[in-house]
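Read the structure below first, then the notes.
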Number of protein chains: 2
Amino acid sequence: MQVSKCDIENCFLCIHCMPEWRDAISVKKTTYSFKRGETIFAEGDAVKGIYFIYEGFVKVHKQWVDNKELIIRFAKAGDVLGHRALVDNDIYPISATTLEDCKACFITNDFLEATFKTNPSFTYKMMQLYAAELKKAERRMRNLAHMDVKGRIAELLLEMQEIFGLNKDKFIAVAITRQDIASYAGSTYETVFKFFTELLQEKIITTSGKSIKINNAKKLRGFVNN
Amino acid sequence: MQVSKCDIENCFLCIHCMPEWRDAISVKKTTYSFKRGETIFAEGDAVKGIYFIYEGFVKVHKQWVDNKELIIRFAKAGDVLGHRALVDNDIYPISATTLEDCKACFITNDFLEATFKTNPSFTYKMMQLYAAELKKAERRMRNLAHMDVKGRIAELLLEMQEIFGLNKDKFIAVAITRQDIASYAGSTYETVFKFFTELLQEKIITTSGKSIKINNAKKLRGFVNN
DNA sequence: CGGACGTTTGAGTCCGCTCAAGCAGGGTGG
DNA sequence: CCACCCTGCTTGAGCGGACTCAAACGTCCG
């Protein structure tokens, strides 16, 4: 089954854009749909392959005691999931859960390994992808260690606007719970809540349900610097 | 100038072990020695290439306001420095400083790029190296977010024993300042100090100058779990 | 009408940071 | 050889940020 390239900018890795895969595997068979809130894979699951998102938004998170987790990052169309597990094909060290309805191609380890062997430029791009993520991870590590909670929440809001973009009403294009914000910032529901009431009172942000609009990015950035 | 392979286990990337490099560049010209405490490169420096350590110990750190930093990781013989900068050959996002006298091969970006093009298995190994580091970084992110200071310090001590090994007196093979421990744990000199007096009183560790011996790893692990 | 569940708010507590005051020890100059 | 200072180590007191817990409130639904 032959299809044209997908419409993600500079995509080099989804099944539509990888000649080897496109020619060898049925697109139907490797494309999965996930409903909002569904788990794509969970920490501890056996690794069988890798996912390329080409529609929707996903959170990647790692468990801590009982009901505590840290959201490692958010992912959107064009991003890769489960690739950390490549090193030792054992179990996923993280979970992936959809924030919106989502479509993803799934490529098995065998196929992936074969591609690495035959397509060096693909390997090279994957390496760069890792390097970029590593750089981000290190920045975030420092922020988690030294920045206060308000700064981390403020930075997240600005980042979300960057990653997800705005919908027609200028709200950040993904609805997100305060619990998720807390989990990303390494904080608690209540603390996020209190900071939000502060931001709402000063009209720095506006909310509508779980949607958020940033009115005054400059003031928000003020919390990041201190 | 032809030399035999280095004695690092499974080394695939130092100048002694990479045929392309060994044949093309003088080992003398690409091998640098650094004294204890010397800066190999600093955050913000222009990226010119990549370093492979084959002797000594190094800390990789990232600056925060004035005298606050976070130590991202420790590196030893066989590890790579400065590879995050590969993505966009711009400036180093981190600094590297030696903890002990150190020897490292330096490979320029040009050479590296050329090798990626001609030696896919090298690229593949570099990719795996990134993936492994990313996995570690994510674990550490979660710990910095959720674990308390004592847990983080305890984990670091256990990790250092793992990474650096022991010398003949069963002390961890690298001397490290309390300030560095604080910088790794995202804490302060005084807090580390106080926890150390506690650990010394309960004889969980022993110190001699800046050297540390772990007497009771089990009790130390108790702090990690809570 | 009442229970169930999520939201909002307040009070209390504690961890860990900051600051600053004691203590050495060791080098320097009288 | 001793007095002095400087620097780095050690300890305590105080404070504040953020977490926990729980009560009050509202809203939805049976």
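Below, chain A is the first sequence line, B the second, and so on; all start at residue 1. From a predicted model like this one, the values you see are computed outputs, not experimental measurements.
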| What pairs with Glu190(A) under salt bridge (charged side-chain N to carboxylate O under 4.0 Å, His left out), at least two apart in sequence or on another chain? | none

| message | I need the residues from residues 171-183 of chain B with at least one non-hydrogen atom less than 4.0 Å from DNA chain C; give them sorted by number, or say none. | response | none

| field | Nearest-Å distance for atom pair NZ/C1', residues Lys150(A) and dG16(D) | value | 12 Å

| said: Holding to salt bridge (charged side-chain N to carboxylate O under 4.0 Å, His left out), I want the full list of residues that pass it with Glu133(B), two or more places apart in sequence or in another chain. | reply: Arg73(B), Arg84(B)

| Length of the line joining Met147(A):CE and dA18(D):P, which is rounded to integer Å | 12 Å

| query | With distance as the sole test, does Arg140(B) use its side chain to make a donor-acceptor pair with the main-chain N or O of Met141(A) at under 3.5 Å? | reply | no

| request: Using the heavy-atom set of chain A and a strict 4.0 Å cut-off, write down the first and last nucleotide of DNA chain C that makes it in, 5' to 3'. | output: dT7(C) to dA11(C)

| Counterpart residues, side chain to side chain contact (heavy atoms under 4.5 Å, CB included), relative to Ala132(A) (two or more places apart) | Val87(B)

| Pairs in or reaching into residues 39-48 of chain A: which pass side chain to side chain donor-acceptor pair (under 3.5 Å), with residues at least two apart or in two chains? | none

| said: Tell me the bend of the helix from dC1(C)-dG30(D) to dG30(C)-dC1(D) as the angle between end helix axes, each from five pairs, rounded to the nearest 10 degrees. | reply: 0°

| said: Within the 4.5 Å heavy-atom criterion, are Ile205(A) and Leu200(A) side-chain neighbours or not? | reply: yes

| message | So, using side chain to side chain contact (heavy atoms under 4.5 Å, CB included) as the criterion, who are the partners of Lys35(B) when residues are at least two apart? | response | Glu38(B), Asp101(B)

| remark: Residue set satisfying salt bridge (charged side-chain N to carboxylate O under 4.0 Å, His left out) with Arg142(A), at least two apart, ordered chain then number -> none

| said: My understanding is that only residues two or more places apart in sequence, or in another chain, count here; which of them pass side chain to side chain contact (heavy atoms under 4.5 Å, CB included) with Lys76(A)? | reply: Phe57(A), Asp79(A), Ile163(A)

| query | Do you see a donor-acceptor pair shorter than 3.5 Å between the side chains of Ser208(A) and Ser211(A)? | reply | no

| said: Listing request: all salt bridge (charged side-chain N to carboxylate O under 4.0 Å, His left out) pairs with a residue in residues 205-215 of chain A, at least two apart in sequence or in separate chains. | reply: none

| message | Please give me every residue in residues 185-198 of chain A whose heavy atoms get under 4.0 Å of an atom in DNA chain C, ordered by residue number. | response | Tyr189(A), Glu190(A), Phe193(A), Lys194(A), Thr197(A)

| query | Got Gln161(B) and Leu220(B) here, is their nearest side-chain heavy-atom distance under 4.5 Å? | reply | no

| Side-chain ion pair, Arg139(B) and Glu155(B), N-O less than 4.0 Å | yes

